[in-house]
Amino acid sequence: MSQKLASIRGMNDILPEQSSLWQWLEVRIQSVLDRYGYQEIRMPIVEHTELFKRSIGEVTDIVEKEMYTFNDRNGDSLTLRPEGTASCVRACEQHGLLYNQVQRLWYVGPMFRHERPQAGRYRQFHQIGVETFGMAGPDIDAEIILLTARLWRELGLSSKVRLELNSLGSSEDRARYREALVAYLSERIDQLDDDSKRRLERNPLRVLDSKDVGTRAALKDAPVLRDFLGDDAKAHFDGLCAALDQAGVAYQLNPALVRGLDYYGKTVFEWITDDLGAQGTVCAGGRYDGLVEQLGGRATPAVGFAMGLERLVLLLEQQRPELRPQADIYVIAPDEKTAGLLLSEALRDALPELKIQSHCGAGGLKAQMKKADKSGARFALILAEQEIAKGVVGIKPLRGNGEQQEVAQAALADWLATQFASGE
RNA sequence: GUGGCUGUAGCUCAGUCGGUAGAGCUCCGGAUUGUGAUUCCGGCGGUCGUGGGUUCAAGCCCCAUCAGCCACCCCA
C-alpha cells in the first residue's frame with residue numbers, strides 16, 4: 001500500500017458515502033447565516049507569509065512550526081492559510097469594504113496546519129468562519145453567539161455542546177494582568193511543569209489552561225483576569241452576559257479561557273463537546289478590535305468565530321441525521337435502454353424536484369431491482385417490452401408493502417407528483 | 001514535536017506453541033427464464049502496511065520505516 005500513491009498525511013478524501021452528510025451540514029449552516037443577513041466572501045487559499053506573521057503573531061506555535069510555507073517561482077514566501085481571519089481582513093482592507101461601513105461576512109474552505117494528525121484534527125481541515133466589522137458594542141457579540149446557538153438547534157447538536165465565555169479585557173488590561181500573573185508565577189516557578197515554564201516567557205496567559213496537576217495547584221491563588229478589567233471591558237462583558245441571559249442562552253464563565261492567536265481581546269468564547277476526546281472545541285471565537293489596524297487599516301472593531309467542520313461531522317455521525325436517499329425513483333428498462341433514458345428525461349422535465357436514476361449498463365431485471373433497492377428509491381419504474389407494448393409503466397413500491405401496479409405513460413408524471421406530494 | 005496502542009480481503013475482524021491464511025458483511029451468480037429488501041447455495045477477492053533481520057520455517061519474534069488512533073503540545 002505504501003508503494004501506491006497515497007494522500008498526504010493528515011489530508012483526507014471526503015468520499016461519496018461521507019459527502020452527503022457534509023452537504024447536509026453546509027447547507028444548514030449557510031441557511032442560518034443567510035437568515036441573519038451574513039454574506040459570503042471567498043478568499044484565496046495562499047497568501048503572503050507576512051500576512052499571517054503579522055496577524056496571528058510571530059511567536060505563536062502556528063506561525064513558528066505549523067505553517068505550510070514555501071517560496072514560489074519568484075522567490076516570494078507564500079503560505080497555505082492556517083486560518084481565515086487574516087485573509088478576510090486583508091481582503092476587506094484591499095477592497096475598501098471597511099470604509100465607513102458595517103460588514104457581516106462568512107467564508108468556508110480548507111485550512112492547513114502541520115500538526116500531528118488525530119481524529120478531529122487534520123493537516124488540511126475545513127472551517128466555516130464568520131467575521132463582523134464596524135460594530136463595537138456587546139450586541140453584535142451576543143448576535144453571533146445566538147446565531148451559533150440556533151445553529152446547534154437546527155443541527156440537533158444542542159445537547160452535545162456547551163458554551164464557555166470569558167473576557168480578555170483591553171490590551172492595556174491584559175498587559176497589566178500579564179505582569180501580575182508573571183510576578184505571581186515566577187515566585188512558584190519550581191512548581192510548574194516544563195511546558196508552563198516555557199509558556200511563562202512566551203505567552204503567560206496560556207499557563208492558565210495547563211492540564212498539569214502541579215501547575216494547577218500553583219495557580220490556585222493566582223490573580224484573576226476579571227479583577228483587572230477596565231470599566232470599558234467590564235461594561236462590555238456585562239452587556240454581553242445580560243443579552244445572553246435575556247435570550248435564554250446558558251453559558252459558563254471560564255476565567256482560564258484564553259486564546260492561542262494574539263489578536264483576540266475582550267470577548268472570547270468556545271462551544272465545547274465532551275464527545276470528541278481532547279478535540280472538544282467545535283467552535284471558537286471572540287473580539288479582535290486591534291487586528292485591522294495592526295494590518296494597516298483604520299482601527300475597526302471586529303468579532304468573529306470559526307467552526308471546525310470535521311469535528312461537527314464526527315458529532316453528526318454519532319446520531320446520523322436522516323439524509324435524502326440517492327434517488328427517489330429508479331428507472332428499469334431491461335430490454336430497451338433508450339426507452340429508460342427517454343422516460344427518465346421526460347420525468348426530469350416534468351418533476352424537477354425529484355431525483356431520478358436511470359439504470360445504465362448490463363443487468364437482468366433481478367439485478368436491476370437490487371440496484372433500485374440499494375439506491376434508496378421509493379419506486380422502481382419498469383419499462384420493458386410488455387409495458388412498452390401496452391403504453392404503460394410498471395410501478396413497484398420499494399418501501400413499505402404496496403402492490404405493483406401499471407400506470408399509463410401519459411399519466412405517469414401526475415401520478416408520481418401526487419405520490420411524492422402526499423408522502424412528504 | 002513527545003510518549004503509548006494498532007496495521008491481515010473493498011469494509012469489520014479472527015488467526016492457538018513460529019509450521020505457509022479464515023469468518024461475517026459487500027459484490028457477482030444461482031435457487032425464482034419478468035421483480036428488490038428476507039432465506040438458502042455457490043463464486044470473486046490477500047506480496048498479512050512497507051523494508052530489512054533471526055530461523056529449516058515468520059501474519060506471529062527483532063530492528064527500521066510509513067500510516068491510523070489515544071494522550072500531551074497546540075488548536076477548529
Side-chain angles (χ1 to χ4, degrees), chain A residues 1-4 6-12 15 17 56 60-67 82-85 108-130 148 161 193-196 198-199 202-203 206 209-212 257-261 269-273 276-286 304-315 330 332-335 359 362-387 394-404:
Chain A
M1 273 190 198
S2 68
Q3 297 277 39
K4 295 180 183 170
S7 62
I8 307 296
R9 166 128 107 139
M11 303 198 183
N12 300 319
L15 301 176
E17 192 190 6
I56 297 170
T60 56
D61 278 31
I62 292 179
V63 169
E64 279 191 340
K65 43 192 192 192
E66 293 179 357
M67 295 205 305
E83 55 105 40
T85 302
V108 60
M111 308 292 165
F112 302 84
R113 290 181 203 171
H114 191 101
E115 299 182 279
R116 184 123 162 198
Q118 213 172 304
R121 185 225 259 185
Y122 307 101
R123 291 182 175 176
Q124 174 177 332
F125 60 102
H126 297 79
Q127 285 186 336
I128 286 188
V130 169
T148 50
V161 294
D193 62 291
D194 290 343
D195 280 325
S196 293
R198 188 171 52 80
R199 291 191 193 105
R202 306 184 35 171
N203 192 347
R206 293 229 65 122
D209 61 2
S210 170
K211 290 170 185 166
D212 182 79
L257 183 64
V258 291
R259 272 289 108 92
L261 288 69
F269 67 92
E270 276 185 26
W271 288 94
I272 298 167
T273 178
L276 296 180
Q279 266 57 250
T281 300
V282 129
C283 171
F305 65 85
M307 293 179 281
L309 294 186
E310 279 82 359
R311 292 178 185 182
L312 290 175
V313 166
L314 285 170
L315 280 185
Y330 195 96
I332 289 173
D335 301 310
H359 184 87
L365 183 65
K366 184 190 176 82
Q368 294 195 38
M369 284 298 297
K370 277 189 163 186
K371 294 218 166 70
D373 184 55
K374 254 197 85 182
S375 75
R378 209 164 121 196
F379 298 108
L381 302 192
I382 302 168
L383 187 64
E385 271 178 42
Q386 265 182 39
E387 287 78 11
I395 301 178
K396 169 94 175 191
L398 297 172
R399 316 292 141 207
N401 43 13
E403 284 295 306
Q404 181 167 334

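Chain A is the first sequence line, chain B the second, and so forth, proteins listed ahead of strands; every chain is numbered from 1.
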Q: Write down the partner of B:U38 under the Watson-Crick or G-U wobble criteria, each distance required to be under 3.5 Å.
A: none

Q.
Over all strands shown, is A:Ala284 touching base, sugar-phosphate only, or nothing at heavy-atom distances under 4.0 angstrom?
A. sugar-phosphate

(Q) Let's see if you can work this out: which of B:A37, B:C75, B:G1 has an atom nearest to the side-chain heavy atoms of A:Lys370? (A) B:A37

Q) Is there a Watson-Crick or G-U wobble partner for B:U65 with both distances under 3.5 Å, and if so, which one is it? A) B:G49

Q.
Does A:Leu309 reach a base, just sugar-phosphate, or nothing at all? Heavy atoms under 4.0 Å.
A. nothing

**Q.** Under 3.5 Å on both distances, the Watson-Crick or G-U partner of B:U2
**A.** B:A71

Q) Out of B:G34, B:C75, B:A76, which nucleotide sits closest to the side chain of A:Glu310? A) B:A76

**Q.** Short side-chain to backbone donor-acceptor contact, A:Arg311 and A:Val282, under 3.5 Å
**A.** no

Q) Looking at A:Glu83, A:Arg123, A:Lys65, A:Met67, which hits side chain to side chain contact (heavy atoms under 4.5 Å, CB included) with A:Arg113? A) A:Glu83

Q. When the nearest nucleotide of RNA chain B is assigned to A:Glu270 and to A:Gly363 on a heavy-atom basis, which residue is associated with the more 5' position?
A. A:Gly363

**Q.** Between P of B:C27 and CD of A:Glu17, the distance in whole Å
**A.** 13 Å

Q: Return the nearest nucleotide to the side chain of A:Phe125; candidates are B:A76, B:G36, B:G3.
A: B:A76

Q.
Counting the atoms with a prime plus P, OP1 and OP2 as sugar-phosphate, which does A:Gly10 contact under 4.0 Å by heavy atoms, base, sugar-phosphate, or nothing?
A. sugar-phosphate

Q: State which of B:G3, B:G34, B:A76 makes the closest approach to the side chain of A:Gln404.
A: B:G34

Q.
Taking B:A64 as the reference, what is the distance to B:C60 when you measure between their P atoms (whole Å, please)?
A. 16 Å

Q | Separation between the C1' atoms of B:U20 and B:C56, rounded to whole Å | A | 13 Å

Q) For the pair made of CG in A:Asn203 and C1' in B:C74, what is the distance, rounded to whole Å? A) 11 Å

Q: Tell me the partner of B:G24, counting only Watson-Crick (N1-N3 plus N6-O4 or O6-N4) or G-U wobble (N1-O2 and O6-N3) with both under 3.5 Å; none if nothing fits.
A: B:C11

Q.
When the C1' atoms of B:U47 and B:G42 are compared, how many Å lie between them, rounded to an integer?
A. 28 Å

(Q) Roughly how many Å apart are B:C27 and B:C75, using the C1' atom of each and rounding to a whole number? (A) 42 Å

Q. Paired with B:G19: which nucleotide, if any, by Watson-Crick or G-U wobble criteria at under 3.5 Å for both distances?
A. B:C56

Q.
Please classify the nucleic acid contact of A:Gly364 as base, sugar-phosphate, or nothing, using heavy-atom distances under 4.0 Å.
A. nothing

Q: Provide, to the nearest angstrom, the distance between the CZ atom belonging to A:Arg123 and the C1' atom belonging to B:C75.
A: 14 Å

Q: Report yes or no: is there a donor-acceptor pair, N or O only, under 3.5 Å between the side chain of A:Glu387 and the base of B:G34?
A: yes

(Q) Please give the distance between the P atoms of B:A58 and B:G53 as a whole number of Å. (A) 12 Å

Q. Taking atom C1' of B:G1 as reference, at what distance in whole Å does atom CD of A:Gln118 sit?
A. 13 Å

Q) Are the side chain of A:Arg399 and the backbone N or O of A:Ala377 linked by a donor-acceptor pair below 3.5 Å? A) yes

Q) Can you tell me how far CD1 of A:Ile62 sits from CD of A:Glu115, rounded to the nearest 0.5 angstrom? A) 7.5 Å

Q) B:C75, B:C69, B:C74: which one has an atom nearest the side-chain heavy atoms of A:Glu115? A) B:C74

Q: Report which part of the nucleic acid A:Arg9 touches: base, sugar-phosphate, or nothing (heavy-atom distance under 4.0 Å, all strands).
A: sugar-phosphate

Q) So with a 6.0 Å cut-off around CD of A:Gln404, is the heavy-atom count from everything else above 12? A) yes

**Q.** Ionic contact status for A:Lys211 with A:Asp195, cut-off 4.0 Å
**A.** no

Q) Once you round it to whole Å, what is the distance between C1' of B:A37 and CZ of A:Arg399? A) 8 Å

Q. What is the distance from NE2 of A:His359 to P of B:G36, rounded to the nearest Å?
A. 15 Å

Q.
Taking only the P atom of each, what is the distance from B:C63 to B:U26 in whole angstrom?
A. 41 Å

Q | Between P of B:U35 and OH of A:Tyr330, the distance in whole Å | A | 17 Å

Q: Could you tell me whether the phosphate oxygens of B:U32, OP1 or OP2, come under 4.0 Å of any side-chain nitrogen or oxygen in A:Lys366?
A: no

Q) For the pair made of CG in A:Asp61 and P in B:A76, what is the distance, rounded to whole Å? A) 12 Å

Q: Ignoring the backbone of A:Arg311, work out which of B:C72, B:U35, B:A76 is nearest its side chain.
A: B:A76

(Q) Is it the case that the side chain of A:Glu310 and the backbone of A:His126 share a donor-acceptor pair, with hydrogens and angles ignored and the cut-off at 3.5 Å? (A) yes

Q: Could you please name the option among B:A76, B:G34, B:A71 that lies closest to any side-chain atom of A:Gln386?
A: B:G34

Q) Quick one: which of B:U2, B:C74, B:A37 gets closest to the side chain of A:Arg116? A) B:U2

Q) Do the side-chain N or O atoms of A:Lys371 get closer than 4.0 angstrom to the phosphate oxygens (OP1, OP2) of B:C28? A) yes

(Q) Applying salt bridge (charged side-chain N to carboxylate O under 4.0 Å, His left out) to A:Asp194 and A:Arg199, what does each step give before you reach the verdict? (A) CA-CA 9 Å; A:Asp194 290 343; A:Arg199 291 191 193 105; over 6 Å; no

Q: Could you work out which one of B:G29, B:A71, B:U35 sits closest to the side chain of A:Met369?
A: B:U35

(Q) In whole Å, measure the gap between the C1' atoms of B:C13 and B:A21 for me. (A) 14 Å

Q | Pairwise P distance, B:A9 and B:A23 [rounded to whole Å] | A | 14 Å

Q: Among the candidates B:A76, B:C74, B:G34, find the nucleotide nearest to the side-chain atoms of A:Lys211.
A: B:C74

Q) So what's B:U32 paired with, Watson-Crick or G-U wobble, going by both distances under 3.5 Å? A) none

Q.
Does A:Lys374 reach a base, just sugar-phosphate, or nothing at all? Heavy atoms under 4.0 Å.
A. sugar-phosphate

Q. Which pair of heavy atoms, one from A:Leu383 and one from A:Pro334, lies closest together, and at what distance?
A. O-CD, 4.1 Å

Q | Nearest-nucleotide 5' precedence on RNA chain B, A:Glu83 against A:Leu398 | A | A:Leu398

